Structure formats: C-alpha cells, structure tokens
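Below: one structure, written as structure tokens.
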Amino acid sequence: MPGLTGPSDYSKEPPRHPSLKINSKEPFNAEPHRTALLSYITPVDFFYKRNHGPIPIVDDIESYRVSIGGLVKNPLEISISEIRKLPKYNVIATLQCAGNRRTEMSKTRKVRGVGWDVAAVGNAKWGGAKLADVLELVGISKNTSSSPLGGKHVEFISIDKCKEENGGPYKASIPLRQATNPEADVLLAYEMNGETLNRDHGYPLRVIVPGVIGARSVKWLDRISIIEEECQGFFMQKDYKMFPPSVNWDNIDWSSRKAQMDFPVQSAICSLEDVDFVKPGKVTVAGYAVAGGGRGIERVDISVDGGKTWIEAQRCQTGNIPYQSDDLNNDKWAWVLFKAVVDVPERTVIIAKAVDTASNVQPENVEVVWNLRGILNTSWHKVQVRRASQVAISNL
Ligand SMILES: Nc1nc2c(c(=O)[nH]1)N[C@H]1C(S)=C(S)[C@@H](COP(=O)(O)O)O[C@H]1N2
Ligand SMILES: [Mo]
C-alpha cells in the first residue's frame, strides 16, 4: 500500500471533526453526538467512522484500478473515470454498524467489541455506478443468481489492512442475485452527499449495500471477485453473526450461524440524553427509525410512562418541521425521522419503538437479543427524564 507500512501504521490518518466521540483511536472508531442525527442527511463530518485498520492512501487516482475477476470469462480492470462514465445514480441510504447501541447491551451482560451509543448510524446521499451495470461489463447479466462460469457470490476486497485478517485486506461478499438486481441499488460509490468521497469513508471508491449491516459496504475497493461460495474472510465467517443468548466464548461454533446481512427494525431517541433533565413544559422526543431490507417504517410509538401507554409520533423523510406524514417512504433505503411533543411527569422513562412495513416490531428488552458480540441491539430505546424543577426541589 503506498504510504502505509501495515496494519498498525497510524501515522497518516486524515483530520476529523473535534466534536466526534472517539470510541477507539487506533483503528479510528468514532460517532457524533446523538443530536447530530436529527437532520435527515447526516453531514460527512458527523457521519460515524468505523474502521478495522489504518486509513489507506490512494494518492495517484490516475493509476487506481478496480479489478473484476474470478469466475468470469473476461476479467477487467476499470479506472475511476471509466466508472464515472457509467450511468450515475444517487441513492439515499442509511448505513448502520451492526454494533450500534452495543454499550447499552453490554450493561446487561458484558459483550466483546467497540462500544457505541446510538449514533453508529448515518443517512447519506451516495453517488456512483450500479454494481449491476459494472458486472455487465464482465459478461454477467442483470437479475441472475449464477454467472456463466458458476459464480454465485460477489466478493469485495479492500486496500486497507487489518489485524483480524492477519495483515490482509478487509473483505465481504453479497449474493450475485442481489448484486445483479438493479432494484437492490448496490452502488460503487465515489460521492457522499454530493462531494467526492473522503478518505475516512472509502476514497476513491466504496461499495454501498443498502438495507444491510454496514460491514458489507466495503470501503477503499481494490478488487471484485466472482466466487462460488460466500467470502471466507474473517468478517463474514468469524464476526458479524447473531448468536442466541445461550452461546458464550467457550461453546461458540461460528459455522453454525449465517453471516448477518439485512438489518432488523431499529429506532433511537436523539433529542434527549439518558439521563436528561428537562424544563417544566413540553418535551420534544425526536430521533430516527430505520428498517432493513428495503422495508419502510410504518409507525413509531412513544411512551412517556415506561411503556404503559403509547402515542404515535409524526414521521418524515425530509427533516422539515412541521413533520408531514404524507411524504413517507420515498427513500426506501433511508431512515425516517420521528417527532412527538409531549408532557412528561416529574420523573419518568421515555421509550421509542418502531414498526416496519412488514409489522416487525423492536423487541422490548435487550436481554432477549443479547449476544456475545453485542450486535443488533434493536431493543426499545429508553431514556430517563427528570423535570428540572423536581431536581431543584429534591436538592433542598
Ligand atoms: N475496507 C473496509 N471497509 C469497511 C470497514 C473496514 O474496516 N474496512 N468497516 C465496515 C464497517 S463494520 C462499517 S459499519 C462501515 C462503516 O462505514 P463508515 O466508516 O463510512 O461509516 O464500513 C464497513 N466497510
Ligand atoms: Mo460495522
């Protein structure tokens, strides 16, 4: 790799916004304050950064090529300018780390992994070519589950080097069926929010797999390989799998579970901290809700009495206030923002729970989804709230 010596050379990291909360410095893992998620499009500076190694440097964009090989008749090397000549698509899609809300899961029972609050997620406009169009260049037609030479999966291999792969590149795969389906909107993206993708987010080219856990959206793309079986890399076989609560580090059998792909329905309150002290009067309960697999959000319920009674929040996909509910789900891969203005008792627990268009509902308790790697904490999001006047009185 030009400029970097290996998986522990952190001497050339890009500058980052000082307000980010750093969960791990090397590799750099950071999330914004949760209030940064109250705008529909997450600014690049405040978009969470999730890395497994140093940020690679691609300083000669002219000589940069992505090779497409494996089980294809006519392998190809393609430059950025050639990719830019293909039809360009802008897809608004939410990217969420499978480890989002891990810190909260760890409070129930300890889990292994980088700690995250509720902001290992962001919504961006990704600009690039459709993978389905790129694969046609090597003779793989649209909407197929098997290539002429028997390939069934598309593997993405990165430039970065990470410890988990013993100094080798980060990699992942998706089924060929998804990769060749134009409606799955899998992109090779060179833009984020209308700007050239920056180094932290995968410059010069990354994969975006909408509706799927962030781990499959490989950054700093180096190679695409058409393969028969799923990618055998660490992050597909030894990580990012959801285990039942009974599995621990002594009895784990990685091969017994599938690689996690679609994200389950999720929501979080971002206008309040846990614990938050609020002034007497109305309180705004706002945040994001997102469904995986291209499903939309049907409803977001809010409780201000710890789950005894519920009201429905307003939702929108533009960020405009007042929130409209008639402009919903135009962006099928994107989150919806929700908002409810409520009266709260002096001391209470406020809860958000989302329902997707398949009527999947977030689970009530973190215990039922607890797993040793701490992924997919989609349990009801709760914040404790106290009225400031009550605090003042109790201090007397
Ligand atoms: N090459 C490479 N791609 C990667 C990763 C990585 O460490 N290296 N991390 C993955 C994970 S786990 C997530 S959640 C997303 C994070 O993307 P972001 O940093 O742009 O938010 O990138 C994914 N793609
Ligand atoms: Mo992730």
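One-based numbering, in listed order, for ligands and for the atoms of each. Keep in mind it's a predicted model, so treat the numbers as computed, not measured.
- A salt bridge does not link Arg34 to Glu31: none of the charged nitrogens lies less than 4.0 Å from a carboxylate oxygen.
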Show me a pair-per-line table, with atom names and distances to 0.1 Å, of protein N or O atoms that are under 3.5 Å from an N or O of ligand 1.
from     : atom 1 : to     : atom 2 : distance (Å)
ligand 1 : 1 (N)  : Ser158 : OG     : 3.0
ligand 1 : 1 (N)  : Asp160 : OD1    : 2.9
ligand 1 : 1 (N)  : Asp160 : OD2    : 3.3
ligand 1 : 1 (N)  : Lys219 : O      : 3.2
ligand 1 : 3 (N)  : Lys219 : N      : 3.0
ligand 1 : 7 (O)  : His52  : N      : 2.9
ligand 1 : 7 (O)  : His52  : ND1    : 2.7
ligand 1 : 8 (N)  : Asp160 : OD2    : 2.8
ligand 1 : 9 (N)  : Arg50  : O      : 3.4
ligand 1 : 17 (O) : Arg206 : NH2    : 3.3
ligand 1 : 19 (O) : Arg50  : N      : 3.0
ligand 1 : 19 (O) : Lys219 : NZ     : 2.5
ligand 1 : 20 (O) : His201 : ND1    : 2.7
ligand 1 : 20 (O) : Arg206 : NH1    : 2.7
ligand 1 : 21 (O) : Tyr48  : O      : 2.7
ligand 1 : 24 (N) : Ser217 : O      : 3.0

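- Annotation for Lys258: atom NZ counts as buried by contact number, over 12 foreign heavy atoms lying within 6.0 Å.
- Between Phe338 and Tyr288, the ring center distance fails the sub-6.0 Å criterion.
- Figure legend: cation-pi geometry between Lys49 and Phe28 absent, as NZ or CZ is not positioned both under 6.0 Å from the six-membered ring centre and within 45° of its axis.
- Not counting sequence neighbours, the partners of Phe46 by the ring pair (Phe, Tyr, Trp, His ring centres under 6.0 Å) test are His17.
- Enclosure of atom CD in Glu228 is not indicated, since only 12 or fewer non-hydrogen atoms of other residues, nucleotides or ligands lie within 6.0 angstrom.
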